[in-house]
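Here the structure is laid out as structure tokens; the discussion comes afterwards.
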Amino acid sequence: MSHLAAHNSAPQSNIEIQPFWDATAKGQLLLKQCKACGEVHYYPRTICPFCFSDDTVWIEASGQGVIYSYSVIRRAEVPYVIAYVTLQEGPTMMTNIIDCDIDSVRIDMAVKVSFVDTGEGTALPMFTPV
Amino acid sequence: MSIRNKAYIAGAYEHPTRHAIDKSTPQLHAEVAKGALEDAGLTKDDVDAYYCAGDAPGLGGLSMVEYMGLQVQHIDTTEMGGSSYVAHIGHAAAAIAAGKCNVALITLAGRPKAEGMATGTKPRAWGMDAPDASFEFPFGSTVTNNYGMAAMRHMHEFGTTSEQLAWIKVAASHHAQYNELAAIRKVLTVEDVVNSPMISDPLHRMDCCVITDGGGALVIVSPEIAKKLKRQCVRILGHGEAPKTRIGGRIDLTYTGARWSGPAAFAEAKVTPADIDYASIYDSFTITVLETIEDLGFCEKGKGGQFVADGNLISGVGKLPFNTDGGGLCNNHPANRGGMTKVLEAVRQLRGEAHPSVQVANCKLAVAHGTGGSVGTRMGSATVILERDDA
Ligand SMILES: [Zn+2]
């Protein structure tokens with residue numbers, strides 16, 4: 001498992017999103033799906049942002065996705081890749097692309113989730129090229 | 001009901017400072033308020049409504065009305081980041097039209113430069129209790145890499161190039177050379193921009209706005225008061241505002257809220273983009289301008305790159321003279337919020353008081369557009385259409 005970089009930090013959690021962060025420690029990426037309208041959303045909420053139903057449940061994502069967009073920030077202690085990854089389940093999430101040559105990252109590149117331990121009982125869901 | 005012709009901009013003032021090491025933030029707010037009231041020919045005691053946003057210190061509006069000694073009957077602290085002050089114009093006009101007030105003061109001020117703020121390149125938390133914070137802050141989300149992602153996607157979908165984006169900075173610099181107060185007065189070339197250091201791909205240092213201190217203020221008045229004032233007033237014709245979000249993860253970074261705020265403002269004003277003589281377009285980054293002019297309808301979506309590379313933004317050269325004070329890209333970006341200064345230059349243009357080298361001939365109709373938050377995440381858009389009073 002990789003370690004947190006200088007630009008990373010452990011997430012602050014709260015009661016609503018605790019299941020998401022607890023699952024990361026077990027290597028699971030959870031999403032919220034609405035049982036009323038069927039839509040999957042991100043970041044997770046109790047009430048569906050599409051139909052406002054409170055009948056939402058946690059589902060486990062496959063961890064597969066493609067890069068929607070990215071940017072390598074050069075003006076940082078150590079340059080890093082921020083990205084939006086569109087998951088197989090539909091939603092697009094903000095993340096980092098890691099364990100690759102930062103200059104090789106491209107839009108539409110296939111990636112898979114890779115968890116990075118925060119040392120605080122959680123892990124950050126990052127992505128690496130497949 | 002509409003705000004068309006129901007209110008006027010009577011006073012406008014831009015603080016001359018770009019580096020306020022010798023002033024406090026409340027002091028800057030009061031100095032710009034005083035400047036705008038003097039410009040209008042009104043006094044502090046005429047003010048019966050006050051508008052400010054997140055840059056106002058303390059408890060915002062309450063702290064500032066106490067500090068300035070204002071006794072108002074209407075207060076609005078709508079926070080839409082850098083677009084707030086453009087939205088405030090619409091809100092003030094509506095309040096005046098509804099009879100809630102007659103003289104509305106809007107202020108903006110801040111000193112990010114004096115405070116040594118790494119505005120664009122350090123992760124900024126707007127409050128760790130924000131619902132989005134846990135899903136962005138841990139990944140090193142910054143203003144610049146967020147806008148970088150928007151630019152990258154626009155390039156991917158539409159073939160926009162760095163050279164095309166650079167033309168936006170080039171146009172701003174052509175205007176800024178005449179502004180003695182501008183932070184950057186050197187006339188820049190496309191090569192200067194694309195050869196400047198990369199901040200966050202594909203945005204170079206010269207794709208970014210300047211970081212400055214300063215501020216500005218506006219006084220909005222009823223038609224009855226405008227009629228009594230000696231100062232040339234600017235008529236408010238229309239206003240639109242719209243937040244744009246990531247819609248539960250259905251992200252599209254190639255457009256802004258201007259896609260909604262623009263048509264709303266044009267419809268209320270009963271004019272079209274083709275009627276516009278001058279445009280103030282929010283310019284935190286070159287990509288901000290590119291997406292906005294597409295969304296406002298000045299060119300087709302995806303064709304912004306060609307539009308700007310044809311020199312269309314340069315006053316005296318192109319179809320859409322923009323940001324003739326040099327804008328945020330070259331002149332100033334007080335408090336990291338450029339909505340106020342967009343309106344100030346639009347007012348100068350409509351009064352015929354822009355620098356003669358950039359003044360649009362017979363400028364009758366202007367648009368001022370503000371952007372707030374981040375095009376890469378949550379953003380606010382606000383548009384106003386303004387008309388010269390004798391037009
Ligand atoms: Zn739903």
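A quick note: this is a predicted structure, and the numbers were derived from the prediction, not measured. So you know, we letter chains A, B, ... as the sequences are listed, proteins then strands, and number each from 1.
- Side chains of B:S134 and A:I17 form a contact here, defined as non-hydrogen atoms less than 4.5 Å apart.
- Neither the backbone nor the side chain of A:R106 comes within less than 4.5 Å of any heavy atom in chain B.
- Within the 4.5 angstrom heavy-atom criterion, no atom of A:N14 approaches chain B.
- Taking the ring centre of A:F50 as origin, the terminal cationic atom of B:R250 falls inside the region bounded by 6.0 Å and 45° from the ring axis.
- Contact count versus chain A (heavy atoms, under 4.5 Å) is highest, among B:R205, B:E136, B:K122, B:R153, for B:R153.
- The closest side-chain heavy-atom distance from B:D252 to A:Y68 is below 4.5 Å.
- Using a 4.5 Å cut-off on side-chain heavy atoms (C-beta onward), A:D108 and B:H156 make contact.
- Within the 4.5 angstrom heavy-atom criterion, atoms from both the backbone and the side chain of B:P131 approach chain A.
- No side-chain heavy atom of B:I247 sits less than 4.5 Å from a side-chain heavy atom of A:P49.
- For a residue to count as touching a neighbouring chain, one of its non-hydrogen atoms must lie under 4.5 Å from one of that chain's; by this rule A:E39 touches chain B with the side chain only.
- Here the side chains of A:L124 and B:P138 are in contact, with some heavy-atom distance below 4.5 Å.
- Using modelled atom types and a 3.5 Å distance limit, the side chains of A:Y43 and B:R246 yield no donor-acceptor pair.
- To the nearest 0.5 Å, atoms OH (A:Y70) and CE (B:M152) are separated by 4.0 Å.
- Considering only heavy-atom pairs separated by less than 4.5 Å from chain B, the leading option among A:R45, A:Q12, A:E16 is A:Q12.
- When atom types are taken as modelled, the side chain of A:S71 and the backbone of B:G148 share no donor-acceptor pair closer than 3.5 angstrom.
- Surrounding CD of A:Q18 are more than 12 heavy atoms belonging to other residues, nucleotides or ligands, all under 6.0 Å away.
- Residues B:T144 and A:R75 fail the side-chain proximity criterion, which asks for heavy atoms closer than 4.5 Å.
- Proximity of B:F135 to A:P44: side-chain heavy atoms (C-beta onward) are separated by under 4.5 Å at one or more points.
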Test log, rule ring pair (Phe, Tyr, Trp, His ring centres under 6.0 Å), inputs B:F139 and A:Y80:
CA-CA 10 Å; B:F139 300 104; A:Y80 60 93; over 10 Å; no
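- Heavy-atom minimum distance, A:I73 versus B:T121: CD1-O, 4.0 Å.
- Residue A:P79 does not touch chain B at all, counting heavy-atom pairs closer than 4.5 Å.
- Looking at A:M94 and B:T377, their side chains come closer than 4.5 Å, going by heavy atoms from C-beta outward.
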